[in-house]
Student: 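Okay, here's the structure, questions in a sec.
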Amino acid sequence: MEERRNTHPQGADHSRKRRKVRPGHVAGGVVMTVFTLVLIGVCTTLMLLGIFMKYVNTSLLPTLEVRAEDYTMSQSSVVYYQDKESGRWVEFQKVHGQENRVLIDIDDMSPYLWQAAVSIEDERFFSHHGVDWKRTLGATLLTLTGSNDSYGGSTITQQMLKNMTGENQNTINRKVKEIFRALEFEKNNTKSQILELYLNMIYLGSGCGGVETAAEYYFGKSAKDLTAAESACIIAITNNPSLYNPKYERTYTRKDGTTVTPRQLNKKRQELILDKMSKVINPDTGKPYLTKEECEAAKAEPLNFTDTSGDASELVKTDGIEINNWFVEQLIKDVTTDLAQAKSISYEAAQRLVNNSGYQIYCTMDPDIQKIAEDVYADLSNLNVHSAKGHQLQSGITIMDPYTGNIVGMVGAMGPKTQNLVDNYAVQKHQVGSSIKPLTVYAPAIDLGASPASIAYNMPVPISGWKDSSGKDSWPKNYGGGGYKGPQSFRSALRNSYNTAAAQILMTYVGVSRSVEYLHLMGIPDKNINADPFGLALGSSGLTPVQMAVAFGTIANKGVYQQPLSFSRIVDSNGNVVVDMHQQQDRHQVFKPSTAYLVVDMLKEAVQSGTGTKAKISSQVVAGKTGTNSDSKGVFFAGMTGWYSGSVWIGHDNYKAL
């Protein structure tokens with residue numbers, strides 16, 4: 001029988017002498033392990049701290065500054081234009097805001113308003129420096145644990161900054177930025193100033209911006225005359241203006257089947273606020289804002305709401321809204337967009353700055369050119385064409401200086417302008433038809449080595465890559481279906497706008513991808529480009545008159561693209577330049593200067609003896625190209641003189657055939 005092996009642990013070491021381990025060695029190993037782990041932790045922490053500080057210095061600090069005076073001045077911004085003869089900047093008009101907001105000093109408010117706000121929103125407001133770290137830590141822990149609790153960590157300072165900047169994304173980047181902004185803001189502003197800003201900016205339902213408008217709307221009195229009960233009622237609204245608006249006539253059904261109205265919900269929250277006011281200590285007196293008796297009396301006080309219906313718009317008195325001309329209307333949009341980007345704030349917050357902060361806006365408009373264009377467009381007899389159903393023919397035009405990129409004139413519709421914020425056909429995209437050919441076909445082909453004397457075959461022959469509806473190789477048709485005259489020079493083909501020739505040149509000399517690249521270089525984004533032979537050679541792409549004026553201006557400017565500008569700079573009330581477009585304007589070479597020269601020469605012929613003869617101007621050289629949309633649903637002309645480039649679209653706003 002096989003001898004059984006001893007598998008007991010002691011048996012395995014039976015014939016060997018056991019090694020003794022000294023206690024000191026064990027302790028030393030543990031110490032080294034702990035030391036190593038601590039060292040790794042310290043190094044990792046320092047590395048993360050370094051990365052965080054670099055993020056703060058490069059990404060956060062440039063966007064932290066928020067000035068209180070920008071939002072409290074209630075001073076109109078002013079648009080200036082440059083006089084051509086003297087070079088002086090002349091005031092053109094003021095920019096007026098249209099918010100339902102009346103600013104009021106905190107000393108003129110009922111103190112119950114700020115006491116109610118502090119009690120319910122931020123009871124440690126007077127002891128922190130912009131950030132309540134206890135609440136912030138609590139909110140962070142709830143977020144990390146996935147809790148659905150609605151507990152928030154924002155202080156009144158943080159909420160006020162959120163209202164000022166319009167930034168409310170639920171992202172870590174925004175929240176970190178908000179914390180640093182709050183700490184920075186409280187270094188430069190008193191608690192009283194912060195409360196005044198907050199109470200003037202909070203939205204309180206029914207179009208009420210700020211407590212003064214809300215006091216008038218809900219109770220028919222000034223904010224200075226509000227009682228504790230009325231103040232708590234108004235502050236209750238800010239938590240959720242739709243849910244707690246006491247004048248909303250609607251009913252909510254709870255999970256248990258019972259119903260409740262916004263007025264009942266407001267009353268419940270009002271009483272919660274009053275209770276808080278009787279517990280939170282006033283730092284000036286060392287006592288609660290309300291005694292128990294005052295709290296109970298306020299709860300029992302009847303709330304007498306006004307019978308005002310609708311919103312608060314009629315409560316705000318204005319001197320009448322000025323109708324902006326087409327250029328100024330687009331200018332304000334451009335200024336707002338660029339200001340929002342420069343300050344890293346929302347478009348809505350930038351609107352408030354433009355309307356209330358006393359900016360000086362230096363625009364590129366030439367008032368003489370603007371007036372000429374407006375006078376022509378105001379007279380409907382200049383385009384007295386209607387559709388079968390009586391629709392007025394519409395149009396939009398943009399005129400610019402191609403050597404600077406300055407837009408000098410713009411009109412967005414036919415007839416006198418009687419409203420603000422209406423459709424502007426000068427900035428809307430329309431099919432450009434054959435007017436795109438110089439940009440996508442002829443200039444690229446010449447830039448790549450062809451010449452105006454190169455030959456294209458103006459014949460109805462199949463073109464590789466040009467498909468019909470069945471997917472077979474096909475060919476485009478010339479306008480009117482004829483004019484197939486065989487071999488033509490590029491110059492002749494452009495002058496007569498032959499579709500067959502343009503299609504062959506695109507497919508054989510340029511290619512779709514390179515044609516698109518040239519459009520990109522002229523500032524035209526993908527959303528405006530139909531990146532196929534039809535879109536590039538025949539103009540089914542939808543471009544705006546602004547984009548066409550810029551693209552033809554690139555050819556006029558020796559092939560150099562200049563980013564279009566409606567203003568040169570924005571200066572704040574302290575004389576600081578906020579945005580300088582000349583510093584950041586994009587300029588780059590698109591076509592060789594020789595290419596631009598040759599294409600301009602070809603476009604002169606298109607006006608002198610080609611499809612654009614109606615664009616001739618006596619004693620003035622004009623170069624340009626016409627374009628007709630598919631099925632004659634609109635026409636374009638884009639061109640240039642020695643001074644300006646421009647583009648005009650004409651068509652029906654319902655896209656009916658002309």
Side-chain angles (χ1 to χ4, degrees), residues 77-96 322-335 360-383 394-420 422 424-427 544-550 552-553 556-557 562-571 581-582 585 607 614-624 637-650:
S77 296
V78 181
V79 175
Y80 294 89
Y81 72 91
Q82 190 169 31
D83 182 75
K84 287 182 289 189
E85 295 184 3
S86 67
R88 292 185 304 107
W89 288 95
V90 181
E91 180 177 331
F92 184 72
Q93 75 169 67
K94 289 181 170 60
V95 178
H96 300 282
E322 182 172 355
I323 303 302
N324 298 320
N325 71 29
W326 289 105
F327 181 96
V328 171
E329 186 154 296
Q330 185 60 38
L331 165 71
I332 293 171
K333 294 177 182 178
D334 294 343
V335 165
Q360 300 162 40
I361 302 168
Y362 296 89
C363 77
T364 62
M365 178 186 66
D366 183 324
D368 295 332
I369 291 178
Q370 183 67 23
K371 186 176 187 307
I372 291 169
E374 287 179 357
D375 288 347
V376 170
Y377 271 71
D379 185 354
L380 292 176
S381 66
N382 287 319
L383 201 59
Q394 277 297 348
S395 181
I397 189 171
T398 300
I399 306 138
M400 67 173 290
D401 180 343
Y403 311 111
T404 62
N406 290 345
I407 298 173
V408 296
M410 175 185 291
V411 179
M414 292 299 300
K417 191 170 185 291
T418 58
Q419 300 179 61
N420 288 327
V422 291
N424 183 344
Y425 297 108
V427 296
T544 71
V546 172
Q547 291 169 333
M548 289 294 283
V550 172
F552 273 71
N557 189 30
Q562 299 262 40
Q563 179 186 345
L565 304 179
S566 59
F567 69 96
S568 57
R569 68 187 188 278
I570 306 170
V571 179
M581 292 305 296
H582 284 157
Q585 184 184 22
V607 173
K614 290 185 178 180
K616 289 181 183 179
I617 301 175
S618 60
S619 34
Q620 174 66 61
V621 176
V622 180
F637 178 80
M640 64 202 78
T641 67
W643 286 268
Y644 302 105
S645 64
S647 178
V648 58
W649 168 84
I650 299 172

Student: Test your reading of the model: is there a side-chain donor-acceptor pair from Q585 to the backbone of T404, 3.5 Å cut-off?
Tutor: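 Yes; judged by distance alone, with no hydrogens or angles, the pair exists.
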
Student: Looking at residues at least two apart in the chain, or sitting in another chain, which of them share a side chain to side chain donor-acceptor pair (under 3.5 Å) with E374?
Tutor: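 In terms of side chain to side chain donor-acceptor pair (under 3.5 Å), with neighbours along the sequence ignored, E374 is linked to Q370.
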
Student: Report, as yes or no, whether the 6.0 Å neighbourhood of atom NZ on K614 holds more than 12 heavy atoms from other residues, nucleotides or ligands.
Tutor: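 Counting other residues, nucleotides and ligands, NZ of K614 stays at 12 neighbours or fewer.
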
Student: Walk me through whether E329 and M410 qualify under side chain to side chain contact (heavy atoms under 4.5 Å, CB included).
Tutor: CA-CA 10 Å; E329 186 154 296; M410 175 185 291; over 6 Å; no

Student: Can a donor-acceptor pair be found, under 3.5 Å and without considering hydrogens, that links the side chain of Q394 to the backbone of M414?
Tutor: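 The answer is yes, because a donor-acceptor pair under 3.5 Å joins these two groups.
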
Student: E91 and Y81: which non-hydrogen atoms are nearest, and at how many Å?
Tutor: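 Nearest heavy atoms, E91 then Y81: O-CE2, 4.2 Å.
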
Student: Taking I407's backbone N and O only, do any of them form a donor-acceptor pair with T364's side chain (distance below 3.5 Å, no angle check)?
Tutor: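 Side chain of T364 to backbone of I407, a donor-acceptor pair under 3.5 Å: yes, one is there.
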
Student: Is the ring pair W89/Y362 parallel, tilted or perpendicular, if the boundaries are 30 and 60 degrees?
Tutor: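 Taking Y362 first and then W89, their aromatic rings stand perpendicular (interplane angle over 60°).
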
Student: Between N325 (side chain) and F327 (backbone), is there a donor-acceptor pair under 3.5 Å?
Tutor: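 Yes, the answer is positive, given that a donor and an acceptor are paired below the 3.5 Å cut-off.
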
Student: For the backbone of N324 and the side chain of N420, can you confirm whether one donor and one acceptor N or O come within less than 3.5 Å of each other?
Tutor: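 Yes, the answer is positive, given that a donor and an acceptor are paired below the 3.5 Å cut-off.
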
Student: Please report the C-alpha distance between S566 and L331 in whole Å, then the side-chain angles of each, then the deciding distance to 0.1 Å, and finally whether the side chain to side chain contact (heavy atoms under 4.5 Å, CB included) criterion is met.
Tutor: CA-CA 6 Å; S566 59; L331 165 71; 3.8 Å; yes

Student: Just how far is it from atom CD of Q82 to atom CG of D366, taken to the nearest 0.5 Å?
Tutor: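 So the gap between those two atoms works out to 10.5 Å.
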
Student: Any idea which heavy atoms bring S395 and I650 closest together, and the distance?
Tutor: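 Here S395 and I650 meet closest at OG-CG1, 3.7 Å.
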
Student: I'd like to check T418 versus I323 (side-chain heavy atoms, cut-off strictly below 4.5 Å). Are they in contact?
Tutor: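 Result no, sub-4.5 Å side-chain heavy-atom pair not found.
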
Student: Do the side chains of V411 and K417 get nearer than 4.5 Å, heavy atoms only?
Tutor: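 The answer is no; the side chains never approach within 4.5 Å.
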
Student: Test side chain to side chain contact (heavy atoms under 4.5 Å, CB included) on V622 and K616; report intermediate values, then the result.
Tutor: CA-CA 6 Å; V622 180; K616 289 181 183 179; over 6 Å; no

Student: Please give me the minimum heavy-atom distance between Y403 and A556, naming the atom from each residue.
Tutor: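 Where Y403 meets A556 most closely, the heavy atoms are CE2-O, 3.8 Å.
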
Student: How long is the straight-line distance from CD1 of I369 back to CE of M400, given to the nearest 0.5 Å?
Tutor: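 Atom-to-atom, M400:CE and I369:CD1 are 12.0 Å apart.
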
Student: Can you name the closest pair of heavy atoms from N382 and D375 and give their distance?
Tutor: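 Minimum heavy-atom separation between N382 and D375: ND2-O, 4.5 Å.
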
Student: Which distance, rounded to the nearest 0.5 Å, do you find between the CH2 of W649 and the OG1 of T398?
Tutor: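 Here the rounded value is 12.5 Å.
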
Student: Does the side chain of W326 reach to within under 4.5 Å of the side chain of V427, using non-hydrogen atoms?
Tutor: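 Side chain of W326 against side chain of V427, heavy atoms only: no contact under 4.5 Å found.
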
Student: Quick one: salt bridge (charged side-chain N to carboxylate O under 4.0 Å, His left out) partners of K333, sequence neighbours excluded?
Tutor: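 Salt bridge (charged side-chain N to carboxylate O under 4.0 Å, His left out) list for K333, sorted by chain: empty.
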
Student: For L380 versus G415, what's the shortest heavy-atom pair and its separation?
Tutor: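 Looking at all heavy atoms of both residues, the closest pair is CD2-N, 3.6 Å.
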
Student: Between Q562 and D401, do the side chains contain a donor N or O and an acceptor N or O under 3.5 Å apart?
Tutor: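 Side-chain D/A pair, D401 to Q562: absent.
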
Student: Under 3.5 Å, is there a donor-acceptor pair between the side chain of S645 and the main chain of A549?
Tutor: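 Side chain of S645 to backbone of A549, a donor-acceptor pair under 3.5 Å: yes, one is there.
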
Student: Do the side chains of V571 and Y80 get nearer than 4.5 Å, heavy atoms only?
Tutor: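 Of all side-chain heavy-atom pairs linking V571 with Y80, none is under 4.5 Å.
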
Student: Taking K371 for its side chain and A373 for its backbone only, find out whether a donor-acceptor pair lies under 3.5 Å.
Tutor: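 The answer is no, because no donor-acceptor pair under 3.5 Å joins these two groups.
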
Student: Which pair of non-hydrogen atoms, one from A638 and one from M548, has the smallest distance, and what is that distance?
Tutor: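 Result for this residue pair: CB-CE, 4.0 Å.
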
